[in-house]
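Computed over heavy atoms, backbone and side chain alike; hydrogens, waters and symmetry mates excluded. The shown structure was predicted, so the numbers you read here are calculated from the model rather than taken from an experiment.
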Amino acid sequence: MTLGPHLSPTGEVIASVMSSRTLNLGDLLTQTARRLPERPGLIWRERTWTWREINRRVDAVAAAFAARGVAKGDRIVVQSRNSNAMFESMFAAWKLGAIWVPTNFRLTPSEVAYIAAASRAKVLICEDVFPAHAQAAKAECLDLIITVTIGTAIGTDLAWEALVDEGSALVELQGARKAVAVDYEDPCWFFFTSGTTGKPKAAVLTHGQMAFVVTNHLADLVPGTTETDASLVVAPLSHGAGIHQLTQVARGAVTVLLSGEKLDGEEAFQLIERHRVTNMFTVPTILTLLAAHEAADRYDHTSLRHVIYAGSPMYRADQQAVLGKLGKCIVQYFGLGEVTGNITVFPAREHDQDDAVQGRIGTCGYARTG
């Protein structure tokens, strides 16, 4: 709650109480699961989860964590490659009112331990291929009360699927959980970024800020997105790709993950054709590699409408090559971690191979909505 002064009818300045209550981002998932329960929400390898299934699993994890003492404001560090569990951990944290702290999975054990300690994490979720990271974090972060392994639990309290089972039993007994009430400025995500100096620092993203970001991205980057769309993830969910996926959850579009952490052009174009992928979030280097891959000539990618690239400038020759291969579907934005997305946008309709076309070619576009 915040106090805001206003004038009485007689001109006196009096204090009024105004609520800054806002949507808990976890409710984006709840709402979509209610609206589109049987639509596919996530596809990874040979498995598909409906929105109903994802929401039930997220509620189960939140219930299990709550029973173990995790509460609003607690930090949950996640060291993992892209997976359904990584995706689920985000919404479980938010429904608890906790703060999601994903790491770049390529960091060293000592770097992950630093982030866990700096964020004063209560929970560590670590994929089983990173045992050294879990050990280092447990040694460095004295605030940890729970450690969970995605995969086989080795040296941690329990495995992710065991946590889901534990929470599912609690939900059966207690009934469906409601997301914790949050205010606009309540943190939801510590977005660690190194910038240009020193150790990584956490940009503090809030529920209210991120609700605006989701709306803004739907307005400027992927307008017209619905449950009939599909989004291919070719970058870690811990950073920009995770932000992008929130827009997909909000509109009920299915998210498709690559089978592994390495970019496989053959698989990417197979998935684009199979699932009629309409949008992606990527960076110029990955986009250039994809367009140059010979699989682009063997698979149907005409479904692509919004292929977003950000994070660095793109050479004009690379822009032209991508336009020649994929068509006018690429969208550029300029942003930064603290804003978590676009400050300016250069839409697909204004991209062109021809240098003689008058417009914004050579710029990063125009100021985004709001």
Side-chain angles (χ1 to χ4, degrees), residues 22 25 28 75 77-78 82 86 90 93-94 99-107 111-112 114-115 118-119 184-223 231 233-250 279-288 306-316 318-319 330-348 350-351 360-370:
T22 193
L25 285 178
L28 289 177
R75 285 78 159 170
V77 169
V78 184
N82 289 352
M86 173 74 165
M90 176 193 301
W94 292 340
I99 302 166
W100 198 52
V101 190
T103 67
N104 180 335
F105 73 83
R106 295 185 176 89
L107 294 179
E111 289 171 326
V112 171
Y114 165 78
I115 288 174
S119 62
Y184 190 99
E185 296 296 340
D186 281 338
C188 65
W189 188 331
F190 284 174
F191 195 96
F192 270 87
T193 173
S194 294
T196 55
T197 60
K199 291 183 178 292
K201 304 167 187 68
V204 180
L205 313 182
T206 73
H207 283 269
Q209 172 196 6
M210 292 307 300
F212 178 84
V213 166
V214 168
T215 305
N216 172 243
H217 281 210
L218 287 168
D220 292 328
L221 298 183
V222 284
S231 179
V233 179
V234 295
L237 290 170
S238 55
H239 288 78
I243 303 292
H244 180 71
Q245 293 322 115
L246 293 184
T247 65
Q248 311 308 303
V249 174
N279 71 70
M280 296 163 49
F281 168 88
T282 185
V283 296
T285 51
I286 292 178
L287 181 53
T288 301
H306 303 112
V307 179
I308 298 161
Y309 65 99
S312 67
M314 190 172 190
Y315 291 117
R316 177 62 178 148
D318 290 340
Q319 271 186 350
I330 60 175
V331 182
Q332 181 188 169
Y333 81 65
F334 163 73
L336 74 164
E338 292 81 355
V339 176
T340 65
N342 59 324
I343 296 171
T344 66
V345 59
F346 185 11
E350 296 195 18
H351 279 78
R360 272 175 273 270
I361 293 172
T363 77
C364 54
Y366 53 83
R368 57 98 168 109
T369 304

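To the nearest 0.5 Å, atoms NE2 (H351) and CD (Q319) are separated by 5.0 Å. Atoms CG and CD, on L28 and Q248 in that order, are 12.0 Å from each other to the nearest 0.5 Å. To the nearest 0.5 Å, the span separating CG on L246 from CE on M210 amounts to 5.5 Å. Atoms CZ and CD1, from F281 and I243 in turn, are 9.0 Å apart once rounded to the nearest 0.5 Å. Rounding to the nearest 0.5 Å places CG of L237 at 6.0 Å from CD of Q245. Atom CH2 of residue W94 and atom CH2 of residue W100 lie 6.5 Å apart, to the nearest 0.5 angstrom.
Closest non-hydrogen pair, L205 versus E338, comes out as CD2-O, 4.0 Å. A348 and V331 make their closest contact through N-CG2, 3.9 Å (heavy atoms, listed as atom of the first residue, atom of the second, distance). Contact record, H207 with L25: ND1-N, 3.1 Å, taken as the closest heavy-atom pair. Contact between T344 and G365 at its shortest, heavy atoms only, is CB-C, 4.3 Å. The two residues V213 and V339 have their closest heavy-atom pair at CG2-O, 3.7 Å. Across G208 and T22, no two heavy atoms sit closer than the pair N-CG2, 3.8 Å.
Side-chain contact of E111 with N104: a donor-acceptor pair under 3.5 Å is absent, judged by distance alone. With 3.5 Å as the limit, one finds no donor-acceptor pair spanning the side chains of Y366 and E350.
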Query - Stepwise side chain to side chain contact (heavy atoms under 4.5 Å, CB included) test for Y333 and L221 - result: CA-CA 8 Å; Y333 81 65; L221 298 183; 3.4 Å; yes
Query - side chain to side chain contact (heavy atoms under 4.5 Å, CB included) evaluation trace for I361 with R316 - result: CA-CA 9 Å; I361 293 172; R316 177 62 178 148; 3.6 Å; yes
**Report entry** Check against side chain to side chain donor-acceptor pair (under 3.5 Å), N279 and S231
**Finding:** CA-CA 5 Å; N279 71 70; S231 179; 2.8 Å; yes
Query raised in the report: Do L287 and I330 pass the side chain to side chain contact (heavy atoms under 4.5 Å, CB included) test, and can you show the C-alpha distance, the side-chain angles, and the key distance before you say yes or no?
Result: CA-CA 9 Å; L287 181 53; I330 60 175; 4.0 Å; yes
Report task. Step by step, work out the side chain to side chain contact (heavy atoms under 4.5 Å, CB included) result for M314 and T288. Result -> CA-CA 9 Å; M314 190 172 190; T288 301; 3.5 Å; yes
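Between S238 and M86, some side-chain heavy-atom pair lies under the 4.5 Å cut-off. Proximity of P236 to F105: side-chain heavy atoms (C-beta onward) are separated by under 4.5 Å at one or more points. Using a 4.5 Å heavy-atom cutoff, the side chains of T215 and T247 are not in contact. Residues V78 and M90 are not in side-chain contact: their nearest non-hydrogen atoms beyond the backbone lie 4.5 Å or more apart. The shortest distance between side-chain heavy atoms of L107 and I115 falls below 4.5 Å. Side-chain contact check for V77 versus T103: some heavy-atom pair is nearer than 4.5 Å. Within the 4.5 Å cutoff, the side chain of C364 has no heavy atoms near those of the F346 side chain.
Within the cation-pi definition used here (under 6.0 Å to the ring centroid, within 45° of the axis), K199 qualifies as a partner of Y114.
The closest donor-acceptor contact from the side chain of R75 to the backbone of S119 lies under 3.5 Å. Judged by distance alone, with hydrogens and angles left aside, the side-chain atoms of N216 form a donor-acceptor pair with the main-chain N or O of T369 at under 3.5 Å. Between the side chain of N82 and the backbone N or O of A235, at least one donor-acceptor pair lies under 3.5 Å.
In this view, D186 and K72 satisfy the salt bridge (Lys or Arg N to Asp or Glu O under 4.0 Å) rule, not counting sequence neighbours. F191 pairs by the ring pair (Phe, Tyr, Trp, His ring centres under 6.0 Å) definition with W189, H239, not counting sequence neighbours.
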